[in-house]
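Keep in mind it's a predicted model, so treat the numbers as computed, not measured. All values below come from the heavy atoms of this structure, side chains included, with hydrogens, waters and symmetry mates left out.
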Amino acid sequence: QVQLVESGGGLVQPGGSLRLSCAASGSIFSINGMGWYRQAPGKERELVAGIVSGGSPYYVEPVKGRFTISRDNAKNTVYLQMNSLKPEDTAVYYCNAKGRQLVNFDSFDSWGQGTQVTVSS
């Protein structure tokens, strides 16, 4: 089993910043990729940013230039620095990780519980 725990959400005014963190723990052999998704009320969950081993980070167009994803491999942790936040960024943000477990090298595709980000004046 692989668990993801997110932190860092909250209420922020437009133009403000927040930093989300997501730590993976459990039976981890390797993590191939980690990413952040978000789901706004009444909408489907969508990819925000991702980072894969040996690759460059990628972002959806609405957050390019404002959000930065980074990863600390030693801590199995991924971060999302969000700057110049807008009301339309309001959503529940979810962390995702894919990789291999220690037991039998089974693959895993795990999600965090979600953290609320609200951008409002």
Side-chain angles (χ1 to χ4, degrees):
Q1 293 286 347
V2 176
Q3 299 81 35
L4 303 182
V5 177
E6 301 135 339
S7 61
L11 172 65
V12 64
Q13 292 186 343
S17 298
L18 282 175
R19 188 192 194 211
L20 306 182
S21 300
C22 171
S25 63
S27 179
I28 300 172
F29 173 74
S30 64
I31 297 178
N32 300 330
M34 302 185 82
W36 289 96
Y37 292 71
R38 67 186 179 186
Q39 187 167 17
K43 296 187 176 181
E44 293 190 355
R45 190 174 298 186
E46 63 175 3
L47 174 68
V48 176
I51 186 166
V52 297
S53 298
S56 299
Y58 52 91
Y59 305 90
V60 294
E61 195 62 36
V63 308
K64 283 183 179 178
R66 300 188 298 121
F67 291 10
T68 302
I69 188 171
S70 60
R71 181 176 162 182
D72 185 334
N73 292 329
K75 296 181 179 179
N76 287 333
T77 298
V78 64
Y79 306 94
L80 186 68
Q81 177 67 43
M82 305 185 293
N83 299 328
S84 302
L85 282 161
K86 304 176 181 181
E88 50 264 42
D89 295 317
T90 295
V92 177
Y93 283 71
Y94 296 90
C95 174
N96 173 261
K98 297 179 177 65
R100 293 281 178 182
Q101 299 185 65
L102 287 169
V103 178
N104 298 324
F105 299 112
D106 289 341
S107 63
F108 70 86
D109 183 350
S110 298
W111 292 87
Q113 80 284 359
T115 185
Q116 177 70 46
V117 172
T118 303
V119 185
S120 175
S121 55

Handout entry: Between Asn32 and Ser53, a side-chain donor and acceptor under 3.5 Å
Key = no
Fill in the blank from the handout: Correct closest heavy-atom pair for Pro14 and Ser120 would be CD-C, 3.6 Å
Practice task
Give a yes or no answer on whether the side chain of Arg100 reaches the backbone of Phe105 with a donor-acceptor pair at less than 3.5 Å.
Solution key: yes
Exercise for the section: State plainly whether one hydrophobic cluster holds both Leu18 and Val5, where clusters connect Ile, Leu, Val, Met, Phe, Trp and Tyr through side-chain heavy atoms under 4.5 angstrom apart. Expected result: no
Handout entry: Min side-chain heavy-atom separation Arg45-Asn96 under 4.5 Å
Key = no
Problem - salt bridge (Lys or Arg N to Asp or Glu O under 4.0 Å) partners for Arg71, two or more places apart - result: none
Practice task
Any side chain to side chain donor-acceptor pair (under 3.5 Å) involving residues 56-69? Give me the pairs, sequence neighbours left out, ordered by first then second residue.
Solution key: Glu61-Lys64, Arg66-Asp89
Problem - Test side-chain contact (heavy atoms from CB on, under 4.5 Å) applied to Ile31 and Val2, step by step - result: CA-CA 10 Å; Ile31 297 178; Val2 176; over 6 Å; no
Problem - side-chain contact (heavy atoms from CB on, under 4.5 Å) evaluation trace for Gln116 with Thr90 - result: CA-CA 8 Å; Gln116 177 70 46; Thr90 295; 4.0 Å; yes
Problem - Expected output: side-chain Gln1 to main-chain Ser27 donor-acceptor under 3.5 Å - result: no
Practice task
Taking all heavy atoms of Leu4 and all of Cys22, pick out the closest pair and write down the distance.
Solution key: CB-SG, 3.9 Å
Handout entry: Linked, directly or transitively: Val48 and Val117 (ILVMFWY side chains, under 4.5 Å)
Key = yes
Exercise for the section: Indicate the atoms forming the closest heavy-atom contact of Arg38 with Pro62, along with that distance. Expected result: NH2-CB, 4.4 Å
Handout entry: Evaluation steps, side-chain contact (heavy atoms from CB on, under 4.5 Å), between Trp36 and Cys95
Key = CA-CA 5 Å; Trp36 289 96; Cys95 174; 4.0 Å; yes
Practice task
Assign the ring pair Phe67 / Tyr93 to parallel, tilted or perpendicular, where the plane angle (0 to 90°) is split at 30° and 60°.
Solution key: tilted
Exercise for the section: Without swapping roles, check the side chain of Glu6 against the backbone of Gln113 for a donor-acceptor pair under 3.5 Å. Expected result: yes
